[in-house]
A.B. asks: 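Below: one structure in structure tokens.
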Amino acid sequence: QVQLVESGGGSVQTGDFLNLACAASGITFGDYSMGWFRGAPGREREFVAGISTSGAHTYYAASAKGRFTISRDNAKNTVNLQMNSLRIEDPAVYYCAATRPDFGETVSIIPSAYPNWGPGSQVTVSS
């Protein structure tokens with residue numbers, strides 16, 4: 001059974017940083033590309049960042065590029081999202097997601113491509 005559990009969310013002020021972590025179990029972690037998405041209840045989840053199976057390829061939404069960094073440790077079955085310079089528009093529930101790519105090191109930015117999701121971690125940013 002696949003299980004993804006996020007941690008590291010919280011309440012910060014604009015300009016602060018947070019490091020989100022996602023621990024995976026029940027899968028051969030190195031076979032899965034990983035993504036971070038964010039959203040609010042009842043709203044479509046938005047792609048934030050993704051990383052390929054080996055970690056060699058990373059992708060970011062325009063809103064995250066230059067501020068967020070995704071990384072993974074295949075030995076520890078974890079994926080992290082370092083979020084710097086948090087802005088007033090960044091608050092959301094942040095979700096970790098996993099999928100087996102169709103080809104090699106590809107990474108999807110589409111939520112429906114990911115069958116496995118964590119419960120989410122709340123991030124709040126205040127001015």
A.B. asks: Would you please say whether a donor-acceptor pair under 3.5 Å links the side chains of Gln13 and Ser127?
C.D. replies: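 Not at all, the side chains of Gln13 and Ser127 share no donor-acceptor pair under 3.5 Å.
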A.B. asks: Think Arg45 forms a cation-pi with Tyr95, using NZ or CZ under 6.0 Å from the six-ring centre and within 45 degrees of its axis?
C.D. replies: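 So Arg45 does make the cation-pi contact.
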A.B. asks: How far apart are the closest heavy atoms of Pro111 and Ile109, and which atoms are they?
C.D. replies: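 Smallest heavy-atom distance, with atoms named: CD-O, 3.7 Å.
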A.B. asks: Would you check if the distance from the ring center of Phe37 to the ring center of Phe47 is below 6.0 Å?
C.D. replies: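 Ring centres of Phe47 and Phe37 closer than 6.0 Å.
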A.B. asks: Would you check if the side chain of Thr28 reaches a backbone N or O of Gly30 as a donor-acceptor pair within less than 3.5 Å?
C.D. replies: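 It does not hold such a pair.
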A.B. asks: Roughly how far, to the nearest 0.5 Å, is CG of Asp31 from CG of Asn74?
C.D. replies: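 It comes to 9.0 Å.
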A.B. asks: Only counting residues at least two apart or in another chain, list the ones meeting salt bridge (charged side-chain N to carboxylate O under 4.0 Å, His left out) with Asp16.
C.D. replies: none
A.B. asks: Ignoring hydrogens, what is the shortest heavy-atom contact between Ile88 and Pro91? Give both atom names and the distance.
C.D. replies: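 Shortest heavy-atom separation between Ile88 and Pro91 comes out as O-CD, 3.0 Å.
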A.B. asks: Verify, without hydrogens or angle tests, whether Ser108 (side chain) and Ile110 (backbone) share a donor-acceptor contact under 3.5 angstrom.
C.D. replies: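 Yes, Ser108 side chain to Ile110 backbone: donor-acceptor pair under 3.5 Å.
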A.B. asks: Find out whether Glu46 and Ser63 are in side-chain contact, i.e. whether some heavy atom of one side chain is under 4.5 Å from a heavy atom of the other.
C.D. replies: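 In short, these two side chains touch, coming nearer than 4.5 Å.
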A.B. asks: Under the criterion side-chain hydrogen bond (donor to acceptor under 3.5 Å, both in side chains), I'd like the reasoning laid out for Glu105 against Ser52: C-alpha separation, chi angles, the key distance, then a yes or no.
C.D. replies: CA-CA 5 Å; Glu105 296 267 344; Ser52 63; 2.4 Å; yes
A.B. asks: Report the hydrophobic cluster partners of Phe68, with the cluster defined as I, L, V, M, F, W, Y residues connected by side-chain heavy atoms closer than 4.5 angstrom, directly or transitively.
C.D. replies: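 When side chains under 4.5 Å apart are linked, the cluster holding Phe68 also contains Val2, Leu4, Val12, Leu18, Leu20, Ile27, Phe29, Tyr32, Met34, Trp36, Val48, Ile51, Tyr60, Ile70, Val79, Leu81, Met83, Leu86, Tyr94, Val123, Val125.
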A.B. asks: Could you give the distance from OG (Ser121) to CZ (Arg38), rounded to the nearest 0.5 Å?
C.D. replies: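 Those atoms lie 14.0 Å apart.
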A.B. asks: Going by atom types alone, do Asn80 and Gln82 pair a side-chain donor with an acceptor below 3.5 Å?
C.D. replies: no
A.B. asks: How far does CG of Asn116 sit from SG of Cys96, to the nearest 0.5 angstrom?
C.D. replies: 9.5 Å
A.B. asks: Heavy-atom count check: over 12 atoms from other residues, nucleotides or ligands less than 6.0 Å from Glu89 CD?
C.D. replies: yes
A.B. asks: Rounded to the nearest 0.5 Å, how far apart are CZ of Arg100 and OG of Ser33?
C.D. replies: 10.5 Å
